[in-house]
There are 2 protein chains.
Amino acid sequence: MAAPGTARAIARAELTEQIKNEALRQLGDAGAGELSLRAISRELGMVSSALYRYFASRDDLLTALIVDAYADLAHALESADRTAGAGGAAGVRADTPAAGGGARPAAADPARRWATAASTLRSWALVQPHRFSLIYGTPVPGYRAPQETTVPAERVMLAFFRPLEAAEDRPLEAAEVTDPGLDAQLRAAGSLLGPRVPPARLAAGVTALAQVIGLVTLEIGGHFHGGFEPADALYAHAVEALTASLGLTDRP
Amino acid sequence: MAAPGTARAIARAELTEQIKNEALRQLGDAGAGELSLRAISRELGMVSSALYRYFASRDDLLTALIVDAYADLAHALESADRTAGAGGAAGVRADTPAAGGGARPAAADPARRWATAASTLRSWALVQPHRFSLIYGTPVPGYRAPQETTVPAERVMLAFFRPLEAAEDRPLEAAEVTDPGLDAQLRAAGSLLGPRVPPARLAAGVTALAQVIGLVTLEIGGHFHGGFEPADALYAHAVEALTASLGLTDRP
DNA sequence: TCTGAATTGTGAGCACCGCTCTTGTCATCC
DNA sequence: GGATGACAAGAGCGGTGCTCACAATTCAGA
């Protein structure tokens, strides 16, 4: 790798981006199974073997697209949360997402923040379903997600758990966690997702996120076809129920 | 097509089944993208072109596998429900799933039936994740599910909504459906899924099913890796919460 | 500034893929 | 017992991912 700034490095970064863009374009047309390196190179006016200077294999390219998709989704969720936070209850700006303690009543409504995350996820997925499928779709049997994907994947998770931290004091009607194994798993996961969130709310957060992903999966997969299409109302109804079950709403 | 019963027809049915079995085997090894007609024919000791006498194309074979997967899952759910129904509260047999009216207190516990469906779905999916992915995984962009798939798909849905019918009289704490559009969608869907189930419980049923599918999707996709694996306890916790939110438990 | 090394592009080639078409063989039905 | 249709076989087309030897280019250190 040449030092960044040289003409060669710039050209490399540029071409790498072009390759990924063209790959993304083809992915939207035909699905991950049809992604063709030869077609990409053809479109970019280069010989197919040259592409291997940038990505060692087709799987490598796909992995890069997965990492990008995670990062892009995480970015969308984070910036949406920042906007929702700014428009919150008392108009307090929340430019630093990981702000320190206190000032609870001044922070944006946690229910609103969570609902924003949920609707941002759906919007993002509906605009580019192939990228959503890349992340949450059919896994390749032998495929183990490389380390590079876990970090942006956590960013996505966090966007749904940060609002839970802001609701410490609200009562939660969710069932207590009785299974000691699950309790241990939740406490371990909680150290990453939200140390101050009790296990019961953490569990509710995981299942709520699963429901959101399930709904989007079903919608994108066409399983609502002829029944709940468009699914806007169903989704809104579900999100409302979820924020309530998470104990984020102000209603007691 | 020869008349059924002739040696030729029998041989044809036999070979068709062998092809699908071998395809399923390869699918488990490598994923839908790697399914190779040539490899199947090679394994079956025939020339590749001969395979086209049985399936017009690769997509045709995949569609057949999807239909089979739906049917198999539906069958698993239905027979599990029959077993759960037999072992229910008062030991009343429920050989005819679509039994007529009354005898409500004698029927099996609706919560138990729904939980059975949920755990059957997960077990089925974990044993053969490639078939689950075939149904609920990444959709092919241009692909429109053919008519043949809709009927078995409905059977799967029904397995999760029949228990709701058995809970008519139980109170439901789920939020009322306020959106008129959603209400219309629910009433239309209800004519198929359960005419006597009120819209609010129907909506809860759809989102509950989405959560179950989302959880299994995440588990199969390895998204719980390092956090909630094994996910048995998390799943059990979620199912318990869902049966409660569906108003199926006896507790008020 | 010049030169050796690293990087990138080229084109041929291998093994595989889905799918089509022609040819010859066989079971089935009138 | 033929005519007919289903069937297997094989060659072949255009496509794929990927490798390799080679030429061109760019960079970095003496």
Side-chain angles (χ1 to χ4, degrees), chain A residues 1-20 22-66 134 140-143, chain B residues 1-20 22-66 134 140-143:
Chain A
M1 301 292 160
T6 70
R8 196 177 253 170
I10 293 175
R12 183 180 181 84
E14 171 71 19
L15 229 180
T16 304
E17 211 57 35
Q18 281 187 24
I19 292 171
K20 291 199 286 192
E22 177 61 26
L24 229 47
R25 210 187 56 73
Q26 288 194 18
L27 222 94
D29 286 355
E34 312 297 321
L35 216 187
S36 156
L37 296 187
R38 283 186 122 110
I40 293 172
S41 63
R42 214 179 300 127
E43 206 68 27
L44 263 51
M46 60 202 298
V47 113
S48 71
S49 56
L51 217 146
Y52 288 83
R53 300 281 180 200
Y54 298 86
F55 295 96
S57 71
R58 212 188 82 119
D59 276 10
D60 243 54
L61 174 55
L62 274 174
T63 300
L65 293 181
I66 291 174
L134 222 45
V140 179
Y143 189 78
Chain B
M1 302 291 161
T6 69
R8 193 175 257 171
I10 293 175
R12 182 181 180 85
E14 169 72 18
L15 231 181
T16 305
E17 211 56 34
Q18 280 187 24
I19 292 171
K20 291 198 287 192
E22 177 60 25
L24 228 47
R25 211 188 55 73
Q26 288 194 17
L27 222 94
D29 286 355
E34 312 297 321
L35 216 186
S36 155
L37 296 188
R38 282 185 123 111
I40 293 172
S41 64
R42 214 179 302 125
E43 206 67 27
L44 262 52
M46 59 202 296
V47 107
S48 71
S49 57
L51 218 146
Y52 288 83
R53 299 272 175 201
Y54 298 86
F55 295 95
S57 70
R58 213 188 81 119
D59 276 10
D60 243 53
L61 174 54
L62 274 174
T63 299
L65 293 180
I66 291 175
L134 223 45
V140 178
Y143 190 79

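Each chain gets a letter, A, B and so on, in the order its sequence line appears, and its residues count up from 1.
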Using whole Å, what does the distance between atom P of nucleotide D:dA8 and atom CD1 of B:I19 come to?
8 Å

Are side-chain heavy atoms of B:L35 and B:L65 found at a separation under 4.5 Å?
yes

Would you mind reporting whether B:M46 and B:L15 have side-chain heavy atoms less than 4.5 Å apart?
yes

Report the distance from atom CG of A:L51 to atom P of D:dC20, rounded to the nearest whole Å.
18 Å

So, is A:S49 near the phosphate of C:dT10, with a side-chain N or O under 4.0 Å from OP1 or OP2?
no

Applying a 4.0 Å non-hydrogen cut-off, can you work out what A:S48 is touching in the nucleic acid: base, sugar-phosphate, or nothing?
base

Without hydrogens or angle criteria, can the side chains of A:Q18 and A:E22 be said to hold a donor-acceptor pair below 3.5 Å?
no

Which part of the nucleic acid, if any, lies within contact of B:Y54, taking any heavy atom under 4.0 Å across all strands shown: a base, the sugar-phosphate backbone alone, or nothing?
sugar-phosphate

Would the base of C:dT28 count as contacting B:R8 through its side chain, where contact means a donor and an acceptor less than 3.5 Å apart?
no

Reckon A:R42 has a side-chain N or O less than 4.0 Å from the OP1 or OP2 of D:dT16?
yes

Using a heavy-atom cut-off of under 4.0 Å over every strand shown, decide if A:L35 touches base, sugar-phosphate, or nothing.
sugar-phosphate

Measure from CD1 on B:I40 to C1' on C:dG18 and round the result to the nearest Å.
12 Å

Rounded to whole angstrom units, what separation is found between the CZ atom of B:F55 and the P atom of D:dC7?
12 Å

Nearest to the side chain of B:V47 - D:dC27, C:dT28, D:dG10?
D:dG10

Is A:A7 touching bases, backbone alone, or none of the nucleic acid, heavy atoms closer than 4.0 Å?
sugar-phosphate

With the side chain of A:Y52 defined as its heavy atoms from C-beta on, choose the nearest nucleotide among D:dC27, D:dT16, D:dT19.
D:dT19

What is the distance, rounded to the nearest whole Å, between atom CE of A:M46 and atom C1' of D:dA24?
15 Å

Let's see if you can work this out: which of C:dG18, C:dC29, C:dT10 has an atom nearest to the side-chain heavy atoms of B:R58?
C:dG18

Output the rounded distance in Å from CG (B:L44) to P (D:dC7).
15 Å

Just to be sure I understand the rule, does B:L15 reach a base, reach only the sugar-phosphate, or reach nothing, if contact means heavy atoms closer than 4.0 Å?
sugar-phosphate

Using whole Å, report how far CD of B:Q26 lies from C1' of C:dC16.
13 Å

Looking at A:R58 and A:L37, would you say the former's side chain and the latter's main chain have a donor-acceptor pair under 3.5 Å?
no

Show the numbers, then the answer: is there a side chain to side chain contact (heavy atoms under 4.5 Å, CB included) between B:L62 and B:V140?
CA-CA 11 Å; B:L62 274 174; B:V140 178; over 6 Å; no

Measuring to OP1 and OP2 of C:dG18, would you say a side-chain N or O of B:R38 lies under 4.0 angstrom away?
no

Nearest-nucleotide comparison on DNA chain D, the residue closer to the 5′ end among A:R53 and A:L37:
A:L37

Below 4.0 Å: OP1/OP2 of D:dC27 and any side-chain N or O of A:R12:
no

